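Notes for the one structure printed next.
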Amino acid sequence: MPELLIELFSEEIPARMQARAREDLKKLVTDGLVNAGLTYASAGAFSTPRRLILAIEGLSGESPTLREERKGPAAAAPAAAIEGFLRSTGLAREQLELRDDKKGQVYFAVIERPGRPAAVIVAEVLEAAIRNFPWPKSMRWGPGTLRWVRPLHSILCLLSTDTGAEVVPLNIDGIIAGNTTEGHPFMAPGRFAVASFDDYSAKLRRAYVMLDSGEREAMIWGGAGNLAFAKGLEVVPDAGLLTEVAGLVEWPVVLMGQIDDAFLGLPPEVLQTSMREHQKFFSVKNPASGRIEGFITVANRETADHGATILHGNQKVLSARLSDARFFWENDLRHVKAEGLEGMAAGLANVTFHNKLGSQLDRVKRIEALAREIAPLVGAAPDLAAEAARVAKADLQSAMVGEFPELQGIMGRYYAEAAGHNDGVPEACREHYQPLGPSDAVPTAPVSIAVALADKIDTLTGFWAIDEKPTGSKDPFALRRAALGVIRLVLGNGVRVGLAAVFAKGMMGQRGIIDHLNGLLTGMMEQMQTAGLDIAAFPSGPFDYDEMKTVVSKIERASRGLELLDKLAEAREAVADAMHLQATDLLAFFHDRLKVYLKDQGIRHDVIDACLAMPGNDDLTLLVKRAEALAAFLKTDDGENLLQGFKRANNILAQAEAKDGVEYSYGADVKFAETDVERALFAALDTAEAAIAPAIEAEDFAAAMAAMAALRAPIDGFFEAVQVNAENAILRRNRLNLLSRIRQICLGVADLTRVEG
Amino acid sequence: MPQTTPRSFQEIILRLMTYWASKGCAILQPYDMEVGAGTFHPATTLRALGTRPWAAAYVQPSRRPTDGRYGENPNRLQHYYQYQVLIKPSPPDLQALYLGSLAAIGVDLALHDVRFVEDDWESPTLGAWGLGWEVWCDGMEVSQFTYFQQVGGHDCHPVAGELTYGLERLAMYVLGIDHVMDMPFNDPDAPIALKYRDVFKQTEQEYSRWNFDQADTAMLLQHFEDAEAECARILAAPAEDSAGRRIIMAHPAYDQCIKASHLFNLLDARGVISVTERQAYIGRVRTLAKACADAFVQTEAGGAAA
């Protein structure tokens, strides 16, 4: 079986695109080969900065001959129909066969597609793959029109067997496929021919090219570890950087250098970020002190001086970079010590957060108001939470975060400490962004929780207020992540908060809403003036929400007896309705996110639905507590059977209610009970009811479920022994009312009608 | 090719001149207007457009008012030099040609680690973009390497390859200098040896003060408006002059575009342009650049049939 080797040799492919490109090449080519009728045993894709490689083993030598029969028109059909058939089959009339059919003679076309040699198919498939390659960004070069990620220089395309190798004939815009390639650009310049994949990889290695990125990664990581270990240090793991660096070199040579003492006072995060972002260096840590003391750089070559020149150059560049970082750090510290975090935050007024949501300062003020509101619910002092919120974004104005945006929060903590805070504010500065993803840690310090919740809820209510919600895969403001963050903050800390009220408060602070209300108030004051009322003593707008309350009561007093009052009430209602609608919509969004989150935790969506239907569903901790208890209950034998009993009762009842056009909801009387079984159910319901109500009140859902479980046997017994739809109308009504009690008691725990099964 | 280490800033420039001349480039002189980068020279911006082949290299003094540091910062200057090469269509061996230029200025490619690291180029003011790399030598960015895809909103066909060397930074690296002002400008053994400081320290101070504190913003704003209006007026003139000659004035119009762009940079350095206005100003300059590009492709140099 032949083996296929493809190498697409180009100028440097961006490191971040290489992994995806390997997969795309493999998929495009193997799919194409298979669709054309070839089979293969295995395929492997590789990449270096200058080449994409695909090696396919066990490729069939040709595609099979295919025979297809197609039934055409009757012999007697109009000429046009026959001609159409000839066109569609590509045959001439004499090539058609006439066969007897039920309705007389009919034309048949027998089309034979002869198999084709693999080389022809490979050429077609590879050309299509190159022309349609899904690079995230591609370009033209020179005089041509071909697109590739960077100029494509040569194509190696070789079919080889035990007896020899054949170049697949292919010419793409003047690039003619051959059997040659190049080694390392500096260490082994010049082209050479290869005969097979084994030959290719062996010769490349001799020409200082390691074609497997995985091997390069292992080599870098192993080499870095050894260098560090020899000095009693360790390399800080960074998987993303490792992949990137392996995509920048064909022949990795690992070098270790020391960070100048002058920079060791910088925060480790600054050293790490500066080295990673600007220089693509790994950080090397002293495990004893925890300090970053060295760096690892990866060169693309060996040199006669064993990398001394390269290391020296890198060291120099690093020193220049770290001088900048130290300049930012010292400036920021001086700034913060002189003017405090508030001073640093001053410039936020001039930074737009979103053109409909105001400046960063507007945003900070809203977060502050929300944090103050939320603080008591999470055990934080309101004044402290408000202060933390006021300064949590200050570091956005620091020189360091200007240079390294990814250090937001991290620098905030350092600067808050430098400003003399030791009260939870520094931690809040750092942690209020968290959790950033599903696996990121959830803050547990009260002040951090308050600010983190306020920050996220402000973002959510803001974008809801201006109707910028996530749709499909579009979520440019990461609102899903923000909602999941709120969910994890609430559940992770067992926070008891009615979100509906907080959302309403959040919406009230949003500029869109405020502007709208200001518009209404201005309109009203104008009307009052027109009506001849003196409003000279009124404050002038625009007002914030709290000021509005004063203004509204002034308007109310001044316009007593006027029609205006009704209009005012109407307008307020309209605004309240609109906000209520958005707040409700936001809560529904939260419930969707919660379902996704709980599904991952193993709680079924219908169980959540059953609990969502209960009151207090904006208190997520309560909601989940109920859902967990219900899920556990439904897993027990009693739970399973009780659910069946409930459904049976509910069905019978629903049918009867539909038929009779009444609701059976009250008045089951034990005196009409005929049997002990029936009486036992009455007694059990009394007991359960007495136990469930206080249990629910105490939010002890497990106890409520246990009490409900006790109903299982009496209900089963009842259905076994008693005919509900009795002849006697009084008995029937009494029993239906009895079923209604079952329904009512069970629905007090959770909406079991929504549970499947 | 000399592999010796150059001794001065000007020797590096001279070697680059000699090298690119030997590779067939026309050695042009700097454009006689204030620009932010070598790309603004019409020999790049306009000549990247149209179908006619082109090969040019030149030094371009470049001004970035916001980068002024009164000559104190070891790396930052409000006035510096770029070396610019533009070849259209980009030759297949442009990378090798570039590496040859590093060798020519004394970078021993057997001892250094040269890398092409992804860096896509975009100029919002010129309505231009391209793909390429920043070239690293031992972790230090020494050049920008770009294949132009679009300029002034026009697709580049054929594609021009552009090389930009930040001369001070590159020279400091090659000469082993830590502070730009310490760099020998002419030969250190010359009878009158001059350092970068002797040539530019005072001008850096003077311009830093003017850029940051003194430039008359009302006047600059007016000049911006004037340049914008003049650019539009030039392009709106009929293609035939009073004698019936068809002369499209793409270059005079483009001069006004360059002026507007530099005036915007000055206003930016004076801190009178807010974040929101910034985008609007950039958009206004881009509109001019696009109009000039539209005009240029209708001229003979722009590839239109004569």
Side-chain angles (χ1 to χ4, degrees), chain A residues 11-17 49-50 135 137-145 147 149-151 153 185-187 189 244 247-249 253 255 278-281 295 297-305 307-321 323-324 327 350-352 355, chain B residues 51 53 73-76 87-96 98-99 107-120 129-133 135-142 145-150 155-161 169 172-174 176-179 274-276 279:
Chain A
E11 294 175 14
E12 279 75 359
I13 306 166
R16 67 187 170 93
M17 298 179 186
R50 300 202 296 161
W135 291 111
K137 255 185 190 173
S138 64
M139 55 165 272
R140 292 170 290 103
W141 60 94
T145 55
R147 301 190 76 90
V149 64
R150 292 293 183 275
H153 281 293
F186 301 106
M187 298 182 73
E244 186 183 2
L248 287 170
V249 293
V253 174
L255 303 168
H278 288 147
Q279 300 306 127
K280 307 194 197 298
F281 289 172
F295 66 89
T297 181
V298 183
N300 187 31
R301 61 166 307 156
E302 296 166 14
T303 59
D305 65 357
T309 307
I310 296 173
L311 190 60
H312 178 253
N314 275 285
Q315 194 112 36
K316 229 173 135 170
V317 182
L318 179 65
S319 290
R321 291 290 193 188
S323 301
D324 277 351
F327 174 77
N350 305 323
V351 183
T352 307
N355 59 8
Chain B
T51 52
N73 187 288
N75 301 299
R76 282 191 199 275
I87 307 181
K88 180 179 75 169
S90 64
D93 59 346
L94 188 57
Q95 277 191 323
Y98 168 74
L99 293 171
V107 176
D108 181 356
L109 294 175
L111 283 181
H112 293 276
D113 180 35
V114 177
R115 231 88 69 69
F116 293 84
V117 180
E118 176 190 17
D119 189 32
D120 301 341
W129 68 276
L131 298 191
W133 313 272
V135 185
W136 285 18
C137 183
D138 303 337
M140 156 106 164
E141 186 198 334
V142 289
F145 192 129
T146 307
Y147 291 101
F148 277 9
Q149 302 295 300
Q150 243 188 21
D155 280 348
C156 297
H157 262 303
V159 166
R169 195 208 295 229
M172 283 166 68
Y173 184 73
V174 171
I177 304 291
D178 290 329
H179 197 298
S274 76
V275 181
T276 22
Q279 288 314 312

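So you know, we letter chains A, B, ... as the sequences are listed, proteins then strands, and number each from 1. This structure is a prediction, so every number in the text was calculated from the model and none was measured.
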Open item on the list: Do E12(A) and W133(B) have side chains that approach each other closer than 4.5 Å (heavy atoms only, starting at C-beta)?
Closed with: yes

TODO: Could you tell me which of G142(A), G313(A), P185(A) has the largest number of non-hydrogen atom pairs under 4.5 Å with chain B?
DONE: G142(A)

TODO: Any chance you could measure M139(A), atom CE, to T146(B), atom OG1, to the nearest 0.5 Å?
DONE: 9.5 Å

Open item on the list: I want to check something: taking the side chain as every heavy atom from C-beta on, are E141(B) and V317(A) in contact at a cut-off of under 4.5 Å?
Closed with: no

Open item on the list: Heavy-atom cut-off 4.5 Å, strictly under: side chain, backbone, both or neither for T297(A) against chain B?
Closed with: neither

- [ ] Find the one option among E11(A), Q279(A), M17(A), K280(A) whose heavy-atom pairs under 4.5 Å with chain B are most numerous.
- [x] E11(A)

Task: Proximity breakdown for I87(B) and chain A, heavy-atom pairs closer than 4.5 Å - done: neither

- [ ] Assess whether salt bridge (charged side-chain N to carboxylate O under 4.0 Å, His left out) is satisfied between D120(B) and R150(A), documenting all intermediate values.
- [x] CA-CA 11 Å; D120(B) 301 341; R150(A) 292 293 183 275; 3.3 Å; yes

Task: Contacting region of K137(A) [heavy-atom separation from chain B under 4.5 Å] - done: both

Open item on the list: Which atoms of F148(B) are under 4.5 Å from chain A, going by heavy atoms: the side chain, the backbone, both sets, or neither?
Closed with: neither

Open item on the list: Quick one: does any side-chain atom of E118(B) pair with a main-chain N or O of I13(A) as donor and acceptor, under 3.5 Å?
Closed with: no

TODO: Might you point out which heavy atoms bring I310(A) and L111(B) nearest each other, and give the distance in Å?
DONE: CG1-O, 3.3 Å

- [ ] State, yes or no, whether a side-chain contact exists between W141(A) and L94(B) at a heavy-atom distance under 4.5 Å.
- [x] no

Open item on the list: Side chains of K316(A) and M140(B), heavy atoms from C-beta outward: is any pair under 4.5 Å?
Closed with: no

Open item on the list: Once rounded to the nearest 0.5 Å, what's the spacing between atom CG of N300(A) and atom CH2 of W136(B)?
Closed with: 12.5 Å

Open item on the list: At a 4.5 Å cut-off on heavy atoms, which part of V253(A) comes close to chain B: side chain, backbone, both, or neither?
Closed with: neither

Open item on the list: What part of H153(A) gets within 4.5 angstrom of chain B, counting heavy atoms only: side chain, backbone, both, or neither?
Closed with: side chain

TODO: Among T303(A), V249(A), N314(A), L248(A), single out the residue with the greatest number of heavy-atom pairs under 4.5 Å to chain B.
DONE: N314(A)

Task: CG on N73(B) to CZ on F327(A), rounded to 0.5 Å - done: 8.0 Å

TODO: Check each atom of S138(A) against the heavy atoms of chain B and say whether the ones under 4.5 Å are side chain, backbone, both or neither.
DONE: backbone

Task: Largest heavy-atom contact set with chain A, pairs under 4.5 Å, which of P92(B), P53(B), G132(B) - done: G132(B)

Task: Side-chain touch Q315(A)/D138(B), heavy atoms, less than 4.5 angstrom - done: no

